[in-house]
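Just so we're clear, the structure is a prediction, and the values are computed from it rather than from any experiment. Position 1 is the first residue of the sequence, and the numbers go up from there.
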Amino acid sequence: MKNNDFDFIASKFEDENISAPDSLSVEKIKEKIEKGTDDEKIIKLNSGKKRFIKGAISVAAAIALVVVSLTAVNYYNKDRVDNKNNTPKTSVKSEDLIYFTSHDEIDNLMKDRLEEQKTKFGILRDYQVKSSDGVISNETKAVGAAPSHSETYKQIDSVDEADIVKTDGEYIYFISDYKPIINIYSAKDGKTEKVSEIKLKNSQNPSEMFIKENRLIVISTRDKYIKKRDLFTSKTIVQTYNIEDKSNPKKEYEYSQSGFYASSRMISDFVYVISNNSYNYYVKNDCIPYCTGDDGKYKKIPAKDICAIKDSEGGNYTVIGAVDITNGNKAKKTKAVIGSVSEVYCNESNLYIAGVRYNFSMERELAKTTIIKCSLDKTNINITATGKIKGNINNQFSMDEKDGYFRIATTTQNKEDKDINILYVLDENLDVVGKVNSFAKNEHIEAVRFIGDMAYVITYERTDPLFIIDLSNPENPEILGEVKISGFSTMLVPIDEKTLLGIGYSTEENEFGEATNGLKLALFDIGNPAKPKVIGEKELIGVDSPAQYSHKALVQNSDEGYFAIPCSYYNEETEEYGEGALAFSVKNGKIEVNKKFVSDEIEQCQRCVYIGNFIYALDTYEGIIDSFSLK
């Protein structure tokens with residue numbers, strides 16, 4: 001071992017459960033805060049809608065991001081893994097999880113962790129990260145009498161994702177910002193009319209929804225302040241409405257679970273909802289999450305359905321609920337895992353939950369991602385594996401599963417505190433079997449797309465390299481080629497087998513460094529993986545779109561061959577400003593802007609949909625819909 005191999009030393013500290021060195025004592029940390037440093041990197045947004053790429057932060061800000069890693073108390077695990085009546089039938093390695101037989105055991109574990117954290121480091125930080133969703137896949141054409149219409153973009157074709165807007169080809173359903181209302185509008189030939197609305201009660205804030213045939217499934221969060229105990233609690237609620245009569249929606253079922261809403265998926269008639277829940281350290285058994293039971297009452301999740309990842313930290317739970325939307329009163333199951341969720345990947349068979357934690361080790365801030373793998377079979381949820389890797393993931397599209405192998409791309413830091421990137425391949429037990437290590441030094445991942453045996457990774461510092469990585473040999477993945485372009489893409493969209501579209505940001509240099517200044521579309525030729533090429537690019541200065549950070553804002557009309565995105569437009573010279581939608585197409589290796597529609601009515605456009613020949617732009621704040629046709 002080299003004397004300066006700090007990564008090795010840091011890993012040994014963690015593996016051997018060695019206490020933090022004196023340099024990480026409270027006194028030393030305070031000393032570092034007082035001295036400060038300016039050599040860290042940060043990405044931020046300014047009020048003028050420009051995203052600055054470089055800046056400086058003090059070590060005080062860096063330390064504010066630290067979460068100290070905790071190791072679970074071994075004596076809790078000893079009895080749990082040997083209890084055949086309590087341990088779930090799963091292939092998960094027993095040493096990775098702690099199982100429980102009572103709520104008191106869970107409460108005691110949590111209290112011990114809190115005291116250990118206070119004693120060793122004098123700080124307590126819990127991190128709850130709401131899930132933000134990533135890139136897209138091809139949509140399918142609607143079946144039935146309704147006109148051709150858009151569907152929410154999703155990562156896996158057969159796994160639906162919730163959104164703030166849905167359409168069935170005849171009606172548009174959307175959630176009002178800052179109001180507990182779901183609006184239902186009829187839409188035909190570019191004209192819309194409000195038919196009805198669903199008002200949620202009991203201080204519920206709607207987050208997203210699904211639609212399937214004559215059912216609308218609304219997911220909301222309710223925050224409640226309990227004055228007597230001086231604490232806030234959050235509850236995620238799933239409500240199913242019968243919308244056969246659009247003018248009179250009727251609620252059928254309701255299911256709730258502890259925590260604020262993180263993400264969800266729908267497979268066939270089954271909705272899987274994931275929430276983050278924190279607990280009150282100071283009230284006995286108040287750490288136990290709740291859910292709607294078989295009797296319809298909201299009560300504590302049974303201890304047998306709760307487990308802990310051995311080295312999880314802090315006071316957060318990931319709560320996973322499964323609900324049959326056709327029979328929600330009887331068909332539902334809930335599991336809870338101690339540890340937070342940041343991103344979710346889901347296919348028809350497995351749900352992967354990634355949670356990021358930060359260690360301050362050897363005077364460096366190091367992120368690690370813990371992965372929970374759950375098998376799905378209707379309402380049955382079983383934890384089948386857990387794993388841990390270095391680094392932080394960008395979004396849900398940093399993850400993928402193929403032929404039993406789980407692939408995941410992360411950004412971490414090397415011993416010089418420079419960003420590096422790693423693409424891991426894990427087996428069905430979430431053990432690492434292969435990886436591409438330390439590529440794109442001093443750059444971070446902005447977008448990932450897995451297509452078959454290939455991974456396409458965008459990293460960024462000042463230019464936008466696209467890396468093509470061959471994963472056909474899981475034990476020996478390798479980079480085949482790369483190409484660079486100015487600006488950077490945050491979304492990668494397959495056009496055909498040889499063409500990949502990048503949607504992201506154009507950039508410029510100003511007095512503050514490098515900043516974003518508009519929308520950039522880039523076209524990559526990936527036909528020869530060893531020699532990818534940029535064959536087209538288009539910059540729209542002053543244009544911003546939610547599609548730059550959310551895949552759900554992108555619409556594709558495969559029949560007519562165009563894309564549409566909601567957008568805002570600002571001209572600094574004339575101070576002209578507008579909201580609307582942009583339609584563009586990719587033909588013969590070129591990007592063509594079909595139409596930029598600026599509405600006189602819409603003030604804030606977050607989504608657009610198409611029905612037939614018309615594109616509808618939605619103002620979810622004001623509850624206004626405007627439309628235009630490309631023909």
Listed partners of [X] passing side chain to side chain donor-acceptor pair (under 3.5 Å), at least two apart:
{"X": "S438", "result": "none"}
{"X": "T620", "result": "D177"}
{"X": "E509", "result": "R462"}
{"X": "S158", "result": "E348"}

- Task: Give a yes or no on whether F439 atom CZ has more than 12 heavy-atom contacts from other residues, nucleotides or ligands under 6.0 Å away.
- Result: yes
When you measure from the side chain of [X] to the backbone N and O of [Y], does any donor-acceptor pair fall under 3.5 Å?
{"X": "D496", "Y": "K498", "answer": "yes"}
{"X": "R265", "Y": "V344", "answer": "yes"}
{"X": "T490", "Y": "A447", "answer": "no"}
{"X": "Q548", "Y": "S545", "answer": "yes"}
{"X": "S629", "Y": "N613", "answer": "yes"}
{"X": "K520", "Y": "S486", "answer": "yes"}
{"X": "T516", "Y": "Y505", "answer": "no"}
{"X": "D525", "Y": "G527", "answer": "yes"}
{"X": "S627", "Y": "I615", "answer": "no"}
{"X": "N276", "Y": "V341", "answer": "yes"}

Partner residues of [X] under the salt bridge (charged side-chain N to carboxylate O under 4.0 Å, His left out) criterion, sequence neighbours left out:
{"X": "D470", "value": "none"}
{"X": "E482", "value": "none"}
{"X": "E475", "value": "none"}
{"X": "D453", "value": "K402"}

Under a 3.5 Å cutoff, is there a donor and acceptor pairing between the side chains of [X] and [Y]?
{"X": "H551", "Y": "Q155", "result": "no"}
{"X": "E579", "Y": "Q606", "result": "no"}
{"X": "Q604", "Y": "D619", "result": "no"}
{"X": "N571", "Y": "E573", "result": "no"}
{"X": "E514", "Y": "T507", "result": "yes"}
{"X": "T411", "Y": "N421", "result": "yes"}

- Do the non-hydrogen side-chain atoms of N392 and T410 ever get within less than 4.5 Å of each other? no
- Message: Can you confirm whether L466 sits close enough to I485 that some side-chain heavy atom of one is under 4.5 Å from a side-chain heavy atom of the other?
- Response: no
- Task: Dump the intermediate steps for salt bridge (charged side-chain N to carboxylate O under 4.0 Å, His left out) on E208 and K552, then the final yes or no.
- Result: CA-CA 11 Å; E208 293 184 311; K552 297 176 183 180; 2.9 Å; yes
- Message: The test is side chain to side chain donor-acceptor pair (under 3.5 Å); show your working for E446 and N394 and say whether it passes.
- Response: CA-CA 7 Å; E446 286 284 356; N394 183 50; 5.4 Å; no
- Message: Apply ring-ring contact (aromatic ring centres under 6.0 Å, His included) to residues F406 and Y352 and explain how you reach the verdict.
- Response: CA-CA 9 Å; F406 183 66; Y352 291 86; 4.1 Å; yes
- Among residues two or more places apart or on two chains, list those pairs meeting ring-ring contact (aromatic ring centres under 6.0 Å, His included) that have a residue in residues 518-541. none
- Determine, step by step, whether E343 and N395 satisfy the side chain to side chain donor-acceptor pair (under 3.5 Å) criterion, reporting the C-alpha distance in whole Å, the side-chain angles of both residues, the deciding distance to 0.1 Å, and the verdict. CA-CA 6 Å; E343 296 292 345; N395 56 38; over 6 Å; no
- Task: Using the ring of Y569 (Phe, Tyr or Trp, six-membered ring only), decide whether K596 places NZ or CZ under 6.0 Å from its centre and within 45 degrees of its axis.
- Result: yes
- Message: If you apply the rule side-chain contact (heavy atoms from CB on, under 4.5 Å), what do you find for S342 with T369, and how did you get there?
- Response: CA-CA 9 Å; S342 59; T369 295; 6.0 Å; no
- Determine, stepwise, if the pair Y272 / L376 fulfils side-chain contact (heavy atoms from CB on, under 4.5 Å). CA-CA 9 Å; Y272 303 93; L376 304 177; 3.8 Å; yes
- Task: Apply the test side chain to side chain donor-acceptor pair (under 3.5 Å) to residues S506 and N517: give CA-CA distance (whole Å), side-chain angles for both, the deciding distance (0.1 Å), then the verdict.
- Result: CA-CA 6 Å; S506 59; N517 65 349; 2.6 Å; yes
- May I have the step-by-step check of side-chain contact (heavy atoms from CB on, under 4.5 Å) for V448 and L492, ending in yes or no? CA-CA 7 Å; V448 182; L492 293 173; over 6 Å; no
- Verify side-chain contact (heavy atoms from CB on, under 4.5 Å) between L519 and D544, making sure each step is shown before the conclusion. CA-CA 6 Å; L519 173 73; D544 287 305; over 6 Å; no
- Query: Taking all atoms of both residues into account, what is the closest heavy-atom pair of S599 and D626, and its distance?
  - Reply: OG-OD2, 2.6 Å
- Task: Locate the shortest heavy-atom distance separating F450 from I408; write the atom from each residue and the value.
- Result: CZ-N, 4.3 Å
- Query: Any salt bridge (charged side-chain N to carboxylate O under 4.0 Å, His left out) pairs touching residues 605-615, not counting sequence neighbours?
  - Reply: D163-R607
- Message: Once side-chain contact (heavy atoms from CB on, under 4.5 Å) is applied, do any residues pair with I451, and if so which ones, sequence neighbours excluded?
- Response: R449, Y456, P494, L500
- Item | Geometric class of the H444/Y460 ring pair [parallel <30°, tilted 30-60°, perpendicular >60°] | perpendicular
- Query: What pairs of residues pass the side-chain hydrogen bond (donor to acceptor under 3.5 Å, both in side chains) test when at least one of them lies in residues 583-593, not counting sequence neighbours?
  - Reply: S585-N594
- Message: Could you measure the distance from the NE2 atom of H149 to the NZ atom of K166? Nearest 0.5 Å is fine.
- Response: 10.0 Å
